[in-house]
Each structure stands twice: as C-alpha cells, then as structure tokens.
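Here the structure comes first, spelled out in structure tokens, and everything after it is commentary.
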There are 2 protein chains.
Amino acid sequence: MKEISIKDIAKLAGVAPSTVSLVLNDKAKQGRISDAVAEKIRILARENGYKPNQVAVSLRTGSSKILGLIIEDISNAFFASIAKAIEDEAEKYGYRVLYCSTENNTVRGNELVNLLFQRQVDGYLISPTAGMENGISDLLKAKQPVVLIDRYFPTLPAPYVLSDNIAGASEALEYFIAKGHRNIGLITSDFPLMHPQQRESAYTQTLIKHNIPVNPSFIYKVPYTALHHEATQLIADFIKSNAELDAIFFTTNYLCIHGLGSINQLGMKIPDDIAVICFDDHDLFKLYKPAITAVKQNVQEIAETAMQFLMHQITGNGEKIEMTKVIATEFIIRDSV
Amino acid sequence: MKEISIKDIAKLAGVAPSTVSLVLNDKAKQGRISDAVAEKIRILARENGYKPNQVAVSLRTGSSKILGLIIEDISNAFFASIAKAIEDEAEKYGYRVLYCSTENNTVRGNELVNLLFQRQVDGYLISPTAGMENGISDLLKAKQPVVLIDRYFPTLPAPYVLSDNIAGASEALEYFIAKGHRNIGLITSDFPLMHPQQRESAYTQTLIKHNIPVNPSFIYKVPYTALHHEATQLIADFIKSNAELDAIFFTTNYLCIHGLGSINQLGMKIPDDIAVICFDDHDLFKLYKPAITAVKQNVQEIAETAMQFLMHQITGNGEKIEMTKVIATEFIIRDSV
DNA sequence: CTGAAAGCGCTTACAG
DNA sequence: CTGAAAGCGCTTACAG
C-alpha cells in the first residue's frame, strides 16, 4: 500500500523529482520550467492523486503549518469555545491546530510542550497551569513563537492575551452593591493562578471603596483537588454556614456550575433567596428564568488577538511590537434583583 | 538555535549515530552494545537534553504515535466530552490525539481526512458528516485503521461504535406515553444522517405500537442550515402553531438547547405546560428545576470501545473480529410530570 | 530550461 | 561488540 511519491510522478513525466517539486510548489517560474512540462506534471499529479508527504516536507523545511494549543480541559465550555475560535482563526492563516489538555497537571503540561516541540509545530498557544513556567521558558529560549492565553506569568517575557479580570470583577461587585447587597460572598479556587487572585482582589477593593467591611468568612476557596460532587457539597456547606449571605460572586464558570448545584440542593431560589453572578458566561445561563448574571469573556477577540501575536512572531519582519493585551469583558445582566 | 541531534551525541560519545539510536531505543541488547558504552550514551543524552526529532522518526518509521480525531464541532458539549474521553483512552496506549472539527461541512471533512493522512497519523476516529463516505472509503482502501463514532454509513465496511438510538428513543417515547401524553411532538434535524433518522423512526414505531396516530404536523425538522437564533425562532413558531402539544422529544442536544430557548421565549413552563425529553444529556440540565429528562449516551464506553477497535487494527495480529458495537443509553428521569 | 546531488534527523539491515 | 551505508520523501542551491 505504498503511497505515490514525487519520484513516481517524476518517472511518469520523464523529468527529475526536483522539477516536479518546483512545479507543484508553484515555483515553476523561478525554476524556469517550460509551461508545457509544468502543465504535464500538474495533470499527472492530479490524475494519480499525488499528495505530498507532509512529514517529509516538515523534516526538510523545518515547518509544519501546525500550531499547538494547550488548554486546561477541552470539556470545559470556556476552553472549548476558545479552541473553536482559535481553530477558525488559524485556518485563515493556513494553519491547523493540534489541541491537548493539561488537566491542570504540571507534569502533563510540560510533557505536552515537549511533545509539540518534537513534532515541530510552528507556534504555541498556551493557557498555562501553575508550574509550566519552566517548559514555557525553554520554548522562549529556543525562540519558538508563543502566546499565552487567559493566564500569564509576570516573571515570563511571553506575549499574552487575557480578559480584564479586575474591571470585569469590579463591575460585578458594583452591580451587587448598587442593588443593595451588603453580604456578598466570594467563591473562588485556591489554585495559584493570576486570574482568580485578580478577581478576588477586585472583590476586596470594591467592597473597601464602598466602605463595606470585608468579612473573611464570606470568602471560600474551593480546593482545586476537590472532585465534582465534593465541590458541590463544599459550596453547599459554605452557603449553609453563612446564612446572612444575600449574594454570591463566583470567580469561574466551573465553580458557578457547582454552586448552582449547591443552591439547587439547598432548595434556595435565585435571585429571591440569593443573587448570583458568574465570571464567565455559559450558553445555558440564558435559557432559564431567572437566568444568571454573568461577566462574559470576549472569546472571539481573545482568539483573534492571540493569533495576530503568534503570526507576528512566525511571519513577522522581526520588528518588535508590544504583544500583551487585556481584553474588556462584557457584563450581562439577566437576573431581576 | 539548532537543536541537538543524534549525531551530536554520537560525536560526544565517540560512537556512531546508529549506536546512539540503538541505545536510546532500548535496543542496546539486541544491538549487543556494551553496558559501559550504553550507559555513557544515556548520560550524555540526558545531560544535553537530547530529544529525538519525531518528524524524522515518523518519516523513517512511518508511524507517528498520533491519532486523528475528526468531530463535528468541539464547542458542542457532546463532542467535547467525547474528545476528552478519547484523549484519556489514547493516552493509555501511548498515543496523542490531533482534533479537528468539520463544522458539518463535507468539503472540510474530506480535507481534514487528507490532512491527517499527509501527516501520517496512525489511526482515525471519525464522527462523519454526510458526504464523507468517499474520504473514508479512500482511507479504508489505503488500509488505514479507522473507527467511526456516533454515526456510520451502512454502505461502508468500517468499524463503528454508536449509541443505541432506537432503544434510547423508544424508551423516551414509552415514558411519555406511560405518563399519559398523547400529543407528543418530535423536533429533529433534516440532516441526512443515520441517527436522527433512527430516533425519528423509534418515535413513529412506538406511537404505532400504542395505537396512537402519528400526526405529521407534530414532527418538525429544523433545517441544518439554520443559524442559532433562527433555530430558536423556528422551533418557537412550530410550538405556537401546534397548541395541542403536551410533550416534545428533541433528537439532539443542540436542538434541545434551542428548544429550551423557544419555550422560555413563549413563556411556557416545563413540565406544567409541556414535558420535554432530550436525546442527549447536558451537565446543566440537572441543575435546574424542573430539570430536563434525558437520554444519556455513555461517552466513556463509546470512547473505550472505539479505542479498542482502533488498537486492534493498529497492533492487532490481523485476526478479524467483529468491530461494530451499539452501546446502550441511560434514561435519566428528572422531571415530575 | 532542467537534472544531479546534498541533506533534513532518524532507523535498520548488513558487514565486519 | 560496533560502524558505515542506505533510505524514508521531500526541497533547494548549484551545475550545466
């Protein structure tokens, strides 16, 4: 079951393999191949269904026209929509995307970087987990095009694109306060990443700005080791033990989904018993009444910007440009508090 | 920025590249390399951070240790969870997964097959869209390992794994009928695929079995060309113009989500005004009251079985086994009709 | 205007 | 016990 190769076509056409290569790569002109020969080769290639072996092309040229995308978990709605948007953007530039999930596992994340590197991908889009600094730093040293998405390391000089966590979270808190809420809970993750920390900091700052005391017992950090049903139970316990809470701000989509499960389990009503805002939106939030108010990340803009930064590195003229961007979030009011 | 190669290690160790290759591929014994030399090479490789160029390995060996996964749309929850499960299963066998989405576009689907083929993936997991028969048929002719997931073509002798659409849909209809519903609507897609057709057929057969007349005006096929908001509107129009409906069976998750939007828009209550069953489940269905009753596909078992079939083809002893499997669905009752 | 040769980084059958 | 050579399928600089 041998595939047809450039040699076969050359033999059929009675020319050298190099001639075939030039013609099929549209370099007939610069190779000064006669139109007749070029046409003959093109026809033979088409008739015989010749498809260049991209592995050989990659080995020879050092370029694969593949980008590597490393995200936390493809089954998480936010990452799935990011992946989709990135795939669409990449296609515009003629690139394909190889996805992998880290599952928030540092070892796995670094292995994936390695794997992609060995496969000679032309660029990397990474939503890093804590501890991936080393792997990413190696990539930067090797002058590989890299863009970080959704998260970044202040210590690493890598381009990044992320949402405006501070402004987005502040807007959410301002909304709660304007609605008269004073006992506002924060449910976040203890994962050592920048964005939950920024969202927490916005929570604290906004309360202080309005002279509302920050009550430490209103803040709950779900251990990132908690499994699904454990998270739901832990959040339920937290809500139960803080009966004064009249509103909750969830710092991630994932936490909010578990939180909704908890609220459901406790038999509380949104927003009558408790108001809820989630940082990120989810498609289904809009279908129910009362729907969940959300801070929505602009996935499309994140993907476009990340791809621009990556392409600048890959095909750029070497000109240095500022490659960090913070994208504004959108505040979607759907409750009726 | 040249990467360190096998030649460099050979030079450092004072041996031939072939010796290094044998040692690093754990063939030192069969190459009868002395332990001293082998150990020296291993140490040098580690110290210098030597990483074999997988592109070269692939070209030479014809194997890439990568599987191609072609699905309809990664941002669809069902496919995202399939992708995740497949990725986890593949890892157990030492394989990585390259995902792509067809977006239900035949041309794109066939291009993707081509692309993966040129990249020499070792096997294909495909959830085909209509019209991909040709591309898949070519793959089979080229003796490539292939498993179809979720959908299949009766005309194509390819292994497949799918859910028991007939039994799952029949169970849903039986449930409606047992609850006393007689005006049961079917909302499906006009996409020319096997599974919506099977689910529709189960709908009709179950009604007939119970001597309930099949009312054609209770069946609506959403055009697959309809955009998101259009689908919601079309479904709302359908429900409005069939005021007698007391229950609806949605044949896909995607349609159900739009349907929920429609029901919401019409101000109807589930299950008081209308009962709903969706063929597939969605994580969020369980969080709301009243939650949606669903036919749930066993994603884990689908992924495991598909991977077994694929591995049998890749590493199998050539022994022919039956490689078609229909996986039972689970019926999840969450409403209170 | 076209061909022969080198080489990308590896593995494997073969020779010694 | 180890090395030299061929070759995977391609591209590119060079020679004619």
Side-chain angles (χ1 to χ4, degrees), chain A residues 1-42 44-45 48-66 117-122 142, chain B residues 1-42 44-45 48-65 114 117-122 142:
Chain A
M1 221 352 274
K2 206 96 190 65
E3 265 318 288
I4 188 153
S5 80
I6 202 167
K7 267 190 206 161
D8 301 320
I9 300 294
K11 210 168 290 169
L12 288 171
V15 299
S18 47
T19 308
V20 177
S21 173
L22 288 172
V23 170
L24 264 25
N25 288 301
D26 291 327
K27 291 180 180 160
K29 279 286 174 305
Q30 92 188 48
R32 286 152 305 162
I33 315 288
S34 66
D35 287 352
V37 170
E39 192 51 25
K40 183 174 166 194
I41 290 172
R42 271 189 276 264
L44 280 168
N48 292 279
Y50 169 67
K51 289 166 202 149
N53 177 326
Q54 291 301 329
V55 173
V57 174
S58 287
L59 179 59
R60 181 57 232 232
T61 64
S63 151
S64 60
K65 287 284 176 186
I66 291 187
F117 186 68
Q118 294 178 164
R119 292 265 159 23
Q120 296 196 176
V121 301
D122 291 347
Chain B
M1 221 345 278
K2 207 96 188 62
E3 266 317 288
I4 188 155
S5 80
I6 202 168
K7 269 191 207 162
D8 301 321
I9 300 294
K11 209 170 290 170
L12 288 170
V15 299
S18 47
T19 308
V20 177
S21 173
L22 288 172
V23 171
L24 265 26
N25 288 302
D26 291 327
K27 291 181 181 159
K29 279 285 173 307
Q30 91 186 52
R32 286 152 304 162
I33 315 288
S34 66
D35 288 353
V37 170
E39 191 50 25
K40 183 174 167 194
I41 290 172
R42 271 190 275 266
L44 280 168
N48 292 278
Y50 169 68
K51 288 168 203 147
N53 178 327
Q54 291 301 330
V55 173
V57 173
S58 287
L59 179 59
R60 181 58 232 234
T61 64
S63 151
S64 60
K65 287 285 175 186
N114 231 316
F117 186 68
Q118 295 179 158
R119 293 262 158 26
Q120 298 195 178
V121 301
D122 291 347

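Predicted, not measured: the structure shown is a model, and the values here were computed from it. Here is how names work: the chains are called A, B, and so on, in the same order as the sequence lines, proteins then strands, and each is numbered from 1.
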For A:Asp122 against A:Lys65, the heavy-atom pair lying closest together: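 Of all heavy-atom pairs spanning A:Asp122 and A:Lys65, the closest is OD2-N, 2.7 Å.
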For B:Pro17 versus B:Ala10, what's the shortest heavy-atom pair and its separation?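 Taking every non-hydrogen atom into account, N-CB, 3.6 Å.
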If you restrict it to nitrogen or oxygen atoms, what contacts under 3.5 Å exist between nucleotides 4-6 of chain D and the protein, and what is each distance?
| from | atom 1 | to | atom 2 | distance (Å) |
| --- | --- | --- | --- | --- |
| D:dA4 | N6 | B:Ser18 | OG | 2.8 |

If you measure only the distance, is there a donor-acceptor pair under 3.5 Å linking the side chains of A:Asn53 and B:Gln120?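 Side chains of A:Asn53 and B:Gln120: pair found under 3.5 Å.
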Can you tell me the distance, in whole Å, between the CD1 atom of B:Ile4 and the P atom of C:dC10?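 My rounded result for the distance is 10 Å.
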Measure from CD1 on B:Ile6 to P on C:dT11 and round the result to the nearest Å.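 Result: 5 Å.
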Is a side-chain N or O of [X] found less than 3.5 angstrom from the main chain of [Y], in a donor-acceptor match?
X	Y	result
B:Asn25	B:Leu22	no
B:Thr19	B:Val15	no
B:Ser64	B:Ser58	no

Tell me which of B:Asn53 and A:Val37 sits closer to the 5' end of DNA chain C, going by the nucleotide each one is nearest to.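 The 5'-side residue here is A:Val37.
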Which part of the nucleic acid, if any, lies within reach of B:Val55 when heavy atoms closer than 4.0 Å are counted: base, sugar-phosphate only, or nothing?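 No contact.
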Checking base pairs now: Watson-Crick or wobble, both atom distances under 3.5 Å. What partners C:dG3?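 Partner of C:dG3: D:dC14.
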With DNA chain D as reference, determine whether A:Val20 or B:Gly14 sits nearer its 5' end, using the nearest nucleotide of each.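 Of the two residues, B:Gly14 wins.
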